[in-house]
Amino acid sequence: MPKLIKRGQIVDDPWQRVDPDANANATGEHQILSLEQWLQLPEKSGRAVQLEPGQAPSPLFEHLDQIPLVAVYFPVFTDGRGFSYGRELREHGYKGELRASGHFLREQLSYLHRCGFDAFLMEDEPSLEEALPRLADFSEYYQASIDQPLPLFRRRG
Amino acid sequence: MYVYDEYDQAIVDQRVNQFRGQTARFLAGQLSDAEFLPLRLQNGLYIQRLAPMLRIAVPYGLLNSTKLRKLAEITRVFDKGYAHVSTRQNIQLNWPRLEEVPDILAELATVQMHAIQTSGNCIRNTTTDQYAGVATDELEDPRPYCEIIRQWSTLHPEFAFLPRKFKIAVCGSREDRAAIYAHDIGIELVANASGEIGCRILAGGGLGRTPVIGSVVCDWLDKKHLLTYLEAILRVYNQNGRRDNKFKARIKILVKAMGVDAFREAVEQEWAAIKDGPATLTEEEIARAKSFFTDPAYLTLDDTAARAGLAQQLGAEPIFGNWVRRNTVEHRVPGYRIVNISLKATGFAPGDITDRQLELVADLADRYAFGEVRSTHQQNLVLADVQMDQLYPLWQELQAAGLATPNLGYLTDIICCPGGDYCSLANAKSIPVAEAIQARFEDLDYLYDLGPIELNISGCMNACGHHHIGHIGILGVDKKGQEFYQVSLGGSQAKDASIGKILGPSFSQSAMPDVIDRILGTYLDLRQEEEVFLDTYRRVGIEPFKERVYAKAD
């Protein structure tokens, strides 16, 4: 089973991507659907979905408490749209697993974490053990973010 | 000047450690060129034609003598003994060694400096008026807001991988000395109908391949909303800006494509979700930011007596008189003047300064100007607070060091990018063109007769030399491997901002001084009374210039 970083641990990943051309109704548990497939589901409860760059998360907003996992896919590490998607999902109250997947670097883990991501499926990372500590490159930040909703100016002593 | 506390210092120190690790991984082959690229750019490091180039951040152009001395030491130990002031008020080193860059950054951190986000597709150094806090036409000092924006934009987790670079400028005065209309976001401090000062927000301005004047997205914004509103604009841009074509990726293209009304609507929608949230500025935070930009210990001086004394000195020594008239500016405090240190001496690349000159300016700042120095987007330095009766000894020392060329705002005060001599993006060299023009028009009487003229040179489309907004703009272009220069006229960076119009077919490098000569000749023939170059151009249009420049020799 593939591994990923989740909530600060290296764990097995029980989830799988579904063939995006498959019939949404023929899919089952622990399968991550494309946005198109997910939108076709009559019953969305318990079903996971993956957003691609260009697919803003707003269609998910009214179902957030039913979704166990949202994956945000990074086809290249320089495409930063997913950072905003993650943050918007959390700001709209999403509590489930928010997963970054695809081609991003361990150098980006701390920023992704601050934008609300709590799981990281890294296609290009040879050592999750070495990547893991990079979640904490910085102990202090200026801005308000998901992991620290108060900006520094509201916290300075 | 803003002073770091333990939080600021921790953030900068941790950034140095992070980059040290990234550099080590790159040198060990664990990060590819493509992966290292955005990481090093966001720490100011370019890989250039001859060597890496390191761009050091000078937040809104504010320096002090301690920082200048450290910069001088760094240029000696790690570089070739000189630095370059850029058109974003930053300082560039042209010859650092890649493996030593983490050490340079560690040295900078000891004097509360860094190179964070001086390059890359992220929010860059915020710039402002070089006369902030001392200008006579200022509504409010913009620097506290620049510092608030600096902190907000530094290592912002959401906006480090934008479609393209993103530049913010702030202006708090009647005259716009920060070119806010030529920025991705321009912020102008303005009073509303009831006299309360807030922010007018412009978006979608920019130079580069497609120059655009920024549009107003918000007429008046309460200052407490500044960060949430900026966040909303950035969010619309990050999600919707084009990523398929680097030349169409700036926010100006998005604003044009959506139309400013639809863009504003999208921003307002994003803003609604975060407005009044925790990122809303508190009165305490604004007061804290302001507390770093209070008046130095000005003496109570008799302005009339000071002016009379100065007038006497001006009469006695005409060279000094020239310098005072051209390079110093009215100060809001009686008995003081603002001094510009020209880095545009003939024979030196515009904006270059040696290690010894940096140290001298540091000493002069300590002795004459409360230890503070500013860098300008016109690539000069400023001592903001000099007593009028100290101008003469200050001038003598500047003069001896080659730092008193009395040409501020005149033709030879050229804005110029490093160009093809250093930059791997450039299509053509720009420094030799600047130097040839400076040499040709060195005669000060002629320069003063021409009046204020801004001549800006860029070595390529990226427009680092701001050629679009020069009264005369020169752009280096590549034609089948040969370097040519396209000339434009009528640009302006002031509040009546305009984009220059292209004169016609481009010229060879050697023809450039003659071309400029013909343009100036046309102006001198056509001007009415005290009319300045830009006004003559706006009155007569481009045709007379075109005719003369392209006239066949008889």
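In what follows, every heavy atom counts, from backbone to side chain, and hydrogens, waters and symmetry copies are set aside. Throughout, a chain's letter reflects where its sequence line sits, starting with A, and its residues are numbered from 1.
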- Query: Is the closest basic N to carboxylate O distance between Glu158(B) and Arg81(A) below 4.0 Å?
  - Reply: no
Hey, which of [options] has the most heavy atom pairs under 4.5 Å with chain B?
options                         : value
Cys115(A), Ala56(A), Pro126(A)  : Cys115(A)
Arg106(A), Arg155(A), Gln108(A) : Arg106(A)
Gly82(A), Ala144(A), Ser139(A)  : Ser139(A)

Heavy-atom distances under 4.5 Å only: say whether [X] touches chain A with side chain, backbone, both or neither.
X         : result
Ser32(B)  : neither
Glu231(B) : side chain
Leu39(B)  : side chain
Leu234(B) : neither
Glu270(B) : side chain
Arg15(B)  : both
Leu281(B) : both
Glu35(B)  : both
Asp13(B)  : neither
Leu227(B) : side chain
Ala34(B)  : backbone

- Message: Which label fits Phe161(B) and Phe83(A): parallel for a plane angle under 30°, tilted from 30 to 60°, or perpendicular past 60°?
- Response: parallel
- Contacting moiety of Arg134(A), where chain B heavy atoms sit under 4.5 Å: side chain
- Interface check, chain A: of Leu31(B), Leu162(B), Asn240(B), Asn238(B), most non-hydrogen pairs under 4.5 Å belong to Asn238(B)
- Task: Tell me, out of Arg243(B), Glu6(B), Gln18(B), Glu285(B), who's got the most heavy-atom pairs with chain A below 4.5 Å.
- Result: Arg243(B)
- Message: Please evaluate residues Ser84(A) and Phe159(B) with respect to the criterion side-chain contact (heavy atoms from CB on, under 4.5 Å), reporting the C-alpha separation (whole Å), side-chain torsions for both, the decisive distance (0.1 Å), and the verdict.
- Response: CA-CA 8 Å; Ser84(A) 287; Phe159(B) 306 129; 4.1 Å; yes
- Message: Quiz question: by atom type and distance under 3.5 Å, do the side chains of Glu140(A) and Gln14(B) form a donor-acceptor pair?
- Response: no
- Message: If we ignore hydrogens and angles and just use 3.5 Å, is the side chain of Arg154(A) paired with the main-chain N or O of Pro278(B) as donor and acceptor?
- Response: yes
- At what distance, to the nearest 0.5 angstrom, does CD of Gln22(B) lie from CG of Leu105(A)? 9.0 Å
Tell me whether the count of non-hydrogen atoms from other residues, nucleotides or ligands lying under 6.0 Å of [atom1] in [X] goes above 12.
X         : atom1 : answer
Glu265(B) : CD    : no
Lys248(B) : NZ    : no
Gln16(A)  : CD    : no
Gln30(B)  : CD    : yes

- Query: Less than 4.5 Å apart, any side-chain heavy atom of Phe153(A) and any of Arg288(B)?
  - Reply: no
- Message: Do Asp8(B) and Tyr142(A) make a side-chain contact, defined as non-hydrogen atoms from C-beta onward lying under 4.5 Å apart?
- Response: yes
- Note on the structure: Looking only at heavy atoms, the pair that brings Leu155(B) and Arg114(A) closest together is O-NH1, 3.5 Å
- Message: Testing the basics here: between Ala279(B) and Pro151(A), what is the closest heavy-atom pair and its distance to 0.1 Å?
- Response: CA-CG, 4.1 Å
- Could you please spell out the steps behind the side-chain contact (heavy atoms from CB on, under 4.5 Å) verdict for Gln239(B) and Tyr85(A)? CA-CA 8 Å; Gln239(B) 296 190 48; Tyr85(A) 297 165; 3.3 Å; yes
- Task: Give the C-alpha distance, both sets of side-chain angles, the deciding distance and a yes or no for side-chain contact (heavy atoms from CB on, under 4.5 Å) between Arg156(A) and Glu284(B).
- Result: CA-CA 11 Å; Arg156(A) 279 190 207 260; Glu284(B) 294 75 33; over 6 Å; no
